[in-house]
There are 2 protein chains.
Amino acid sequence: MKKIFKALDDPTRRKILDLLKDSDLTAGEVADHFDMRKPSVSYHLDLLKQAELVVSVKKGQYVYYSLSTSVLEDIVTWLMGLKDSEAPSSDQAMSD
Amino acid sequence: MKKIFKALDDPTRRKILDLLKDSDLTAGEVADHFDMRKPSVSYHLDLLKQAELVVSVKKGQYVYYSLSTSVLEDIVTWLMGLKDSEAPSSDQAMSD
DNA sequence: TATATATTTAGATAATTATCTAACTATTGA
DNA sequence: TCAATAGTTAGATAATTATCTAAATATATA
């Protein structure tokens, strides 16, 4: 969870996720959407990968990135848990 | 959304939200749950307040904090939007 | 009124993060 | 084989963030 929250706390990374929502993209194609050097975009892609929000597949000289949103389950569950405070509090340590 | 993602990207603040899920607390009571000085906790409470994830009410010399999760709607909607648009590519077809 | 308690504000500092340039690896194709 | 292209890694730096101590504000109470 820690890494996912961190990954989501950045406008560039959130925009990358939105882009990948529409279609898989190479690292270069992702970079084309930003006014930023490629190594910086690579850095953001790496953080998204660490959070397991994206996966990458190398095809020849290209690296394709695509969304992988199964890890969002936990976060959505936690957020919904905040919303109905009357729920039985199975107090697991997601906060750390 | 920016401020909400920022507010959520910290273990102390996430734990504060979990605490407030169970009951409203004064700033001091919140601080008691952490190995951290009161001004630091006050700082975190302020960020949560800026994100409108908590509200505070002063009663005498105490300040009570409570959860205010309506702003989570947007985030949950956005997250679910990412999930829904999964797999535009060569992945497995959905089973019927 | 004076003192204690609860909380926040101000200012300093250490830690973390995002960005850059330069250099490196891997792959393609002439 | 060599040059071009795609992408990442390394190292430096600026910006942001989390923490602390000291001081300020507000309230309660003896």
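So you know, we letter chains A, B, ... as the sequences are listed, proteins then strands, and number each from 1. In this text the structure is predicted, and so the values were computed from the model without any measurement.
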Value in whole Å for how far the P atom of C/dT5 lies from CG of B/Asp32
14 Å
Measure the distance from CG on A/Asp9 to C1' on D/dA15 and round it to the nearest whole Å.
14 Å
Side-chain contact test, heavy atoms from C-beta onward, threshold under 4.5 Å: evaluate it for B/Met1 versus B/Ile75 and give yes or no.
yes
Pairs under 3.5 Å (N/O, protein and nucleotides 12-14 of chain C):
none

So, using side chain to side chain contact (heavy atoms under 4.5 Å, CB included) as the criterion, who are the partners of A/Met36 when residues are at least two apart?
A/Thr12, A/Phe34, A/Ser40, A/Val41, A/His44
Candidates D/dG7, C/dT8, D/dA18 - which lies nearest the side chain of B/Arg13:
D/dA18
What is the distance, rounded to the nearest whole Å, between atom NZ of B/Lys6 and atom P of C/dA18?
12 Å
Which residues within residues 42-52 of chain A lie with some heavy atom under 4.0 Å of an atom in DNA chain D?
A/Ser42
Could you check how far CZ of B/Phe5 sits from P of D/dT17, rounded to whole Å?
15 Å
I'd like to compare against my own output: the B/S/- annotation of nucleotides 20-30 of chain C with a strict under-4.0 Å heavy-atom distance to protein.
BBB---SBS--
Rounding to 0.5 Å, atoms CZ (B/Arg14) and CG (B/Asp18) come to a distance of 9.5 Å
Residue pairs passing the ring-ring contact (aromatic ring centres under 6.0 Å, His included) test with at least one member in residues 2-30 of chain B, sequence neighbours excluded, are B/Phe5-B/Trp78
Side chain to side chain contact (heavy atoms under 4.5 Å, CB included) filter on A/Gln50, not counting sequence neighbours, yields A/Lys3, A/Asp46, A/Leu47
B/Lys3 has an atom NZ; how far is it from atom P of D/dT16, in whole Å?
14 Å
Return no unless some side-chain N or O of B/Thr26 is found under 4.0 Å from OP1 or OP2 of C/dA6.
no
Can you measure B/Leu8 atom CG to D/dT17 atom P for me and round it to whole angstrom units?
14 Å
Base, sugar-phosphate or nothing for B/Tyr65? Non-hydrogen atoms, less than 4.0 Å.
sugar-phosphate
Contact list for residues 55-66 of chain B, test side chain to side chain donor-acceptor pair (under 3.5 Å), sequence neighbours left out
B/Lys49-B/Ser56
According to side-chain hydrogen bond (donor to acceptor under 3.5 Å, both in side chains), who are the partners of B/Asp74, at least two apart in sequence or on a separate chain?
none
Sorted by chain and residue number, the side-chain hydrogen bond (donor to acceptor under 3.5 Å, both in side chains) partners of A/Asp32 (sequence neighbours excluded) come out as none
Who pairs with B/Glu73 by side chain to side chain contact (heavy atoms under 4.5 Å, CB included), at least two apart in sequence or on another chain?
A/Lys83
Report yes if the side chains of B/Leu53 and B/Leu72 come closer than 4.5 Å at any heavy-atom pair, otherwise no.
yes
side-chain hydrogen bond (donor to acceptor under 3.5 Å, both in side chains) partners of B/Asp24, counting only residues at least two apart
none
